[in-house]
Protein chains: 2
Amino acid sequence: MIVKEGLDGFGVNKLARAAGVSPATIYIYYKDREDLIIQTTIRVADTMLRESLHDFDPEMHFAEGLRKQWQNRANHFLQHPLDVEFIEKMRYSHLYDKVSGQIYLTFKDVMGKFVHNAIERKELIALPFEVYWSLAFAPLYQLIKFHTQKKTFGHLPFELTEESMEQTLQLVLKALKPDPLPS
Amino acid sequence: MIVKEGLDGFGVNKLARAAGVSPATIYIYYKDREDLIIQTTIRVADTMLRESLHDFDPEMHFAEGLRKQWQNRANHFLQHPLDVEFIEKMRYSHLYDKVSGQIYLTFKDVMGKFVHNAIERKELIALPFEVYWSLAFAPLYQLIKFHTQKKTFGHLPFELTEESMEQTLQLVLKALKPDPLPS
DNA sequence: TTTAAAAGTAAGCGATCGCTCACTTATCTT
DNA sequence: AAGATAAGTGAGCGATCGCTTACTTTTAAA
């Protein structure tokens with residue numbers, strides 16, 4: 001409902017009707033409307049982050065590890081597009097402050113270790129974490145957004161193919177790889 | 001109001017009260033609530049896109065032109081942070097379909113020309129427009145988002161400095177620049 | 001089989017929603 | 001100055017909002 005009609009189109013009464021239960025039932029499980037939204041967001045985001053680390057190990061080589069994460073994220077998107085759209089919406093809602101603190105806990109550790117290892121092994125240039133993140137993942141999420149919007153920048157709607165993803169990843173890796181020292 | 005309380009916290013009565021006018025007055029200028037939001041979004045987005053092209057020319061060298069656009073966008077953000085937050089919110093709202101078509105018209109031409117020129121001059125590798133866009137701008141917008149959220153990935157909140165922006169831009173340019181042919 | 005806790009419900013509260021109508025005030029034309 | 005048009009208003013409509021209360025049904029332990 002939130003993906004289709006937005007947060008302002010989402011109401012507790014409406015949800016109860018759609019679910020075929022009484023509004024009062026909802027308040028057995030959630031304190032109020034906001035609690036429902038926040039708890040749902042946390043649940044979905046947790047699943048997504050856990051899946052993004054599937055078969056991932058912070059000891060992996062950088063290129064290999066980053067590709068794995070891109071694949072995990074892309075796969076999750078293809079299998080649960082609604083979840084991804086939901087989280088993206090929530091990320092830009094005024095409620096996001098109240099969830100962001102709760103969802104990155106274990107995730108931050110693993111990612112931090114991965115980046116730290118990669119820098120130590122000279123597979124990744126030393127960067128502030130935010131700069132790294134902006135380069136390493138923002139392009140992928142933008143591609144996904146183009147795909148869901150099917151906005152036509154060219155004459156054809158964009159599709160997130162294996163090919164365009166790999167192409168973009170290669171360029172990201174090029175940006176993040178240390179320059180070989182002139183010998 | 002929308003930035004602070006979200007689309008679902010925004011009401012016509014509330015707005016009228018805050019503005020010190022009668023609700024009926026608002027309906028002189030806008031057909032309904034949705035029309036108000038959409039028209040406002042278009043107006044703000046138009047201003048932003050126009051400013052992003054300030055002192056820009058599609059004939060510029062690629063690195064120079066992209067830096068100019070990053071600077072314009074960053075400056076606009078520093079001077080009108082609320083506008084930027086507003087647009088970001090709207091970009092992820094269910095109403096965005098109804099505005100996206102209307103705001104990229106002239107912008108698309110100029111940007112298309114710029115990219116086309118850069119590719120012809122071998123200052124930029126040949127890419128689908130969406131891939132280019134994802135690499136060229138998504139990292140900047142992610143940095144801006146980190147800045148506004150002041151989410152602490154490290155021990156200190158992130159700030160969008162001239163330095164971190166230039167660093168990120170350099171890496172983006174490295175990704176997008178053709179490899180020199182081995183001679 | 002009794003009983004008490006848990007789960008669920010219908011009905012509806014007060015508040016607010018988007019929006020309109022009958023009307024008044026300001027502005028402009030001639 | 002008179003009349004026409006535009007701009008703005010206060011009051012409030014019906015609908016829906018988030019949420020609660022008094023009550024019934026289901027579940028499960030004793």
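The analysis underlying the following values was restricted to heavy atoms, covering all of them including side chains, and did not include hydrogens, waters or symmetry mates. Please read these numbers as outputs of a predicted model, since none were measured by experiment.
- For DNA chain D, the outermost nucleotides in 5' to 3' order that have an atom under 4.0 Å from a heavy atom of chain B are D/dA7 to D/dG10.
- A cation-pi geometry, defined here as NZ or CZ lying under 6.0 Å from the six-membered ring centre and within 45° of its normal, holds between A/Lys145 and B/Tyr92.
- Taking the six-membered ring where tryptophan is involved, the planes of A/Phe129 and A/Trp133 are essentially parallel, since the angle between them stays under 30° and well short of 60°.
- Here the side chains of B/Leu36 and B/Tyr29 are not in contact, with every heavy-atom distance at 4.5 Å or above.
- DNA chain D lies under 4.0 Å from at least one heavy atom of each of the following residues of residues 25-38 of chain B: B/Thr25, B/Ile28, B/Tyr29.
- Looking only at distances, no side-chain donor or acceptor of A/Ser164 sits under 3.5 Å from a matching main-chain atom of A/Leu160.
- Two residues are said to be in side-chain contact when any heavy atoms from C-beta on lie closer than 4.5 Å; A/Leu143 and A/Phe158 meet this criterion.
- Side-chain contact check for B/Arg43 and B/Gln39: no donor-acceptor pair (N or O, by modelled atom type) lies under 3.5 Å.
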Checklist line | Test side chain to side chain contact (heavy atoms under 4.5 Å, CB included) applied to B/Leu135 and B/Leu176, step by step | finding: CA-CA 8 Å; B/Leu135 286 160; B/Leu176 294 174; 3.9 Å; yes

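- A heavy atom closer than 4.0 Å to some atom of DNA chain C occurs in A/Val21, A/Ser22, A/Ala24, these being the qualifying members of residues 3-24 of chain A.
- B/Glu163 and B/Gln167 share no donor-acceptor pair across their side chains, judged by distance under 3.5 Å alone.
- Between B/His147 and B/Phe77, the ring planes are perpendicular. Angles over 60° get that label, and only those under 30° would be called parallel.
- The closest side-chain heavy-atom distance from A/Gln69 to A/Met111 is below 4.5 Å.
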